[in-house]
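Here is the structure we will look at, set down as structure tokens.
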Amino acid sequence: MFKYTGILCLCSIWLLIACSDEQTATNSGQNPPPDTVPSLSDQELFDMVHEQTFRYFYDYAEPQSGVARERFHADNVYPQDDKNIVTSGGGGFGVMALLVGIERGWITRQQGYQRLRQIVDFLETADRFHGVWPHWMNGETGQVKPFSAKDNGGDLVETSFMIQGLLCVRQYFKDGSQEEQQLAADIDTLWQEVEWDWYRRDGENVLYWHWSPNFGWDMNFPLRGYNECLITYVLAASSPTHGIPAEVYHEGWARNGNIVDPVEAYGHRLDLHHNGAEAYGGPLFWAHYSYLGLDPRNLSDRYTNYWEHNTNHSLINYDWCVENPNNYEGYGENCWGLTASYSVNGYAGHRPGNDLGVISPTAALSSIPYTPDKSMAAMRYFYEELGSKVWGVAGFYDAFSEEKNFYPQRYLAIDQGPIVVMMENHRTGLLWDLFMSCPEVQQGLDKLDFTY
């Protein structure tokens, strides 16, 4: 969801709030407040957090489209009523979460199929711009809702998050029943209709984030690394119909090799230049969004080893919170995690060097493949020490600050989704295995000289 490398326009995101006090849900995964439950083993705690976070995407989705709402406010406090706004990026994370729900038995395969069929039907008729969905859409009509004044067209990065998820769904159902095979075929059509090559802006060797039918290329945001956009280039290279040549990746994203700009913090090395956050690495969602399906475990190219890179990125974030140079209350070995989320004054791209005293549970929890023990310790602290201040009907709330006594009862799709997916990848590798089984993805990675 967060664009402009997750930093430049974060201040505008909080202005539009999507939720409804009329929303009803089954709440079948709801548990009592943490202060009323007995001690749980690590496995029991993991299972409970995993399922309850999944509920965001099943119980609290926008009802007409079935797509994940942009946000859900359990406190029923909204600056404006846009309860039907859905998000292409968070929606992509949501379709992956639905597969987790089927595999875990939280919903039946048929329930999962029906919801995914509803979502794909919506996506087929929703606004697209050269095959690319906008950042936000009205879940009742499919029409674009501008993300900002000139951002009323295609959003290539958010679309890549949706396609990453849809390809997992395609692989999951492609050998199923007749109706499941049809769903897979319809997803394949949507995938082939995305014009990745159009977003080169007249053939340049770089991809652009936005195009608008009213404003053309006025947003003028070329995708250069490193940030959350690696998946966009992998998919663009993998497209069987609108693919890009390898030089777009190497010259554009990798800056003719200048993406390699090593730094070291707390004894952990980052090989890649993190845009606007060079000293300690960017918000932790940069280690999550592209890697929900793209398997980092054995992933390397000529620039870095992505497992090592993401693990070191997570450890730097952890060590910053342990050192706690600003002496914020609560920070420590069991309470850490800085990323883009709600903040005390609206919204912020929290990271080392831009630390406002706000912890985002998704940062630590979605890093669990990289930092399993440290992430479990954070999960236990959030649940046992902070209790109902941070725990609600769809898992942990988006952000909190013990320093500022700030505990908003609010959720964001793009923060809840990575928790569900990365916890499952840590358990079984489900989404990694599905995405990496796509023959087009393998061909695209080969084109870009990845090893995997």
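Numbering of residues begins at 1 and proceeds along the displayed sequence.
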Inset, instruction - Would you please say whether a donor-acceptor pair under 3.5 Å links the side chains of Arg200 and Asn205? - result: yes
Inset, instruction - Apply side-chain hydrogen bond (donor to acceptor under 3.5 Å, both in side chains) to Gln171 and list each qualifying residue two or more places apart in sequence or on a separate chain. - result: Ser437
Inset, instruction - With the side chain counted from C-beta on, respond yes when Tyr289 and Cys229 share a heavy-atom pair under 4.5 Å apart, and no when they do not. - result: no
Legend entry - Asp433: side-chain contact (heavy atoms from CB on, under 4.5 Å) partners, not counting sequence neighbours: Arg297
Legend entry - Polar side chain donor-acceptor pair, Gln182 to Asp186, under 3.5 angstrom: yes
Legend entry - Residue pair Val260 / Thr304, side-chain heavy-atom distance below 4.5 Å: no
Inset, instruction - With sequence neighbours excluded, tell me which residues meet ring pair (Phe, Tyr, Trp, His ring centres under 6.0 Å) with His273. - result: none
Inset, instruction - Check whether the side chains of Asp301 and Tyr306 place a donor and an acceptor atom closer than 3.5 Å, and report yes or no. - result: yes
Inset, instruction - Give a yes or no on whether the ring-centroid distance for Tyr397 and Trp391 is below 6.0 angstrom. - result: no
Inset, instruction - Could you tell me whether a side-chain N or O of Ser360 sits under 3.5 Å from a main-chain N or O of Ala363, the two making a donor and an acceptor? - result: no
Inset, instruction - Keeping to residues at least two apart or across chains, list the salt bridge (charged side-chain N to carboxylate O under 4.0 Å, His left out) pairs with something in residues 171-185. - result: Arg109-Glu180
Legend entry - By side-chain contact (heavy atoms from CB on, under 4.5 Å) - contacts of Gln143 (at least two apart): Asp127, Thr141
Legend entry - Heavy-atom check, side chain of Pro352 versus side chain of Asn317, under 4.5 Å: yes
Inset, instruction - Using ring pair (Phe, Tyr, Trp, His ring centres under 6.0 Å) as the criterion, list what pairs up with His274, not counting sequence neighbours. - result: Tyr226, Trp286, His309, His313
Inset, instruction - For Asn425 and Leu292, indicate whether the former's side chain and the latter's backbone hold a donor-acceptor pair under 3.5 Å. - result: yes
Legend entry - Short side-chain to backbone donor-acceptor contact, Asn312 and Arg269, under 3.5 Å: yes
Inset, instruction - Indicate whether the side chain of Gln192 and that of Thr189 have a donor and an acceptor atom separated by less than 3.5 Å. - result: no
Legend entry - Donor + acceptor pair across side chains of Tyr370, Asn310 (<3.5 Å): yes
Inset, instruction - Using the test side-chain contact (heavy atoms from CB on, under 4.5 Å), find all partners of Asp121 that sit at least two apart in sequence or belong to another chain. - result: Arg117, Glu124
Inset, instruction - Could you walk me through whether Trp106 and His50 pass the ring-ring contact (aromatic ring centres under 6.0 Å, His included) test, one step at a time? - result: CA-CA 10 Å; Trp106 303 329; His50 203 191; 5.0 Å; yes
Legend entry - With sequence neighbours excluded, residues passing side-chain contact (heavy atoms from CB on, under 4.5 Å) with Asn214: Asn152, Ser212
Legend entry - Side chain Arg69, main chain Lys83, donor-acceptor under 3.5 Å: yes
Legend entry - Which residues share a side-chain hydrogen bond (donor to acceptor under 3.5 Å, both in side chains) with Ser314, sequence neighbours left out: none
Legend entry - Of all pairs that satisfy side-chain hydrogen bond (donor to acceptor under 3.5 Å, both in side chains), the ones with a partner from residues 88-105, not counting sequence neighbours: Glu103-Tyr172, Arg104-Glu424
Legend entry - Non-hydrogen side-chain atoms of Val194 and His242 separated by less than 4.5 Å: no
Inset, instruction - Could you tell me whether the side chain of Trp133 reaches within less than 4.5 Å of the side chain of Met162, counting heavy atoms only? - result: yes
Inset, instruction - Report yes if some heavy atom in the side chain of Ile107 is under 4.5 Å from a heavy atom in the side chain of Phe54; otherwise report no. - result: yes
Inset, instruction - For Tyr303 and His250, test the side chains for any donor-to-acceptor distance below 3.5 angstrom and give the result as yes or no. - result: yes
Legend entry - Side-chain H-bond candidate by donor/acceptor type, Asn305 with Ser300, under 3.5 Å: yes
Legend entry - For Glu193, salt bridge (charged side-chain N to carboxylate O under 4.0 Å, His left out) partners two or more places apart: Arg128
Legend entry - No-hydrogen, no-angle side-chain donor-acceptor test under 3.5 Å, Ser367 and Thr371: no
Inset, instruction - Could you give me the CA-CA distance, side-chain angles and deciding distance for Asp319 and Tyr280, then say whether side chain to side chain donor-acceptor pair (under 3.5 Å) is met? - result: CA-CA 10 Å; Asp319 284 339; Tyr280 298 97; over 6 Å; no
Inset, instruction - Taking atom types as modelled, find out whether His135 and Asp151 have a side-chain donor-acceptor pair closer than 3.5 angstrom. - result: no
Inset, instruction - Verify whether one side chain among Asp155 and Trp209 offers a donor that lies under 3.5 Å from an acceptor in the other. - result: yes
Inset, instruction - Classify the side-chain pair Glu158/Trp136 by whether it contains a donor and acceptor separated by less than 3.5 Å. - result: no
Legend entry - Backbone of Ala348 reached by a side-chain donor or acceptor of Ser343 within 3.5 Å: no
Inset, instruction - Go through Asp188 and Arg170 one step at a time and tell me if the salt bridge (charged side-chain N to carboxylate O under 4.0 Å, His left out) criterion holds. - result: CA-CA 7 Å; Asp188 197 57; Arg170 185 193 73 177; 2.7 Å; yes
Legend entry - Lys/Arg cation over aromatic Tyr58: Arg115, 6.0 Å, 45° cone: yes
Legend entry - With sequence neighbours excluded, residues passing side-chain hydrogen bond (donor to acceptor under 3.5 Å, both in side chains) with Tyr208: Arg201, Glu204
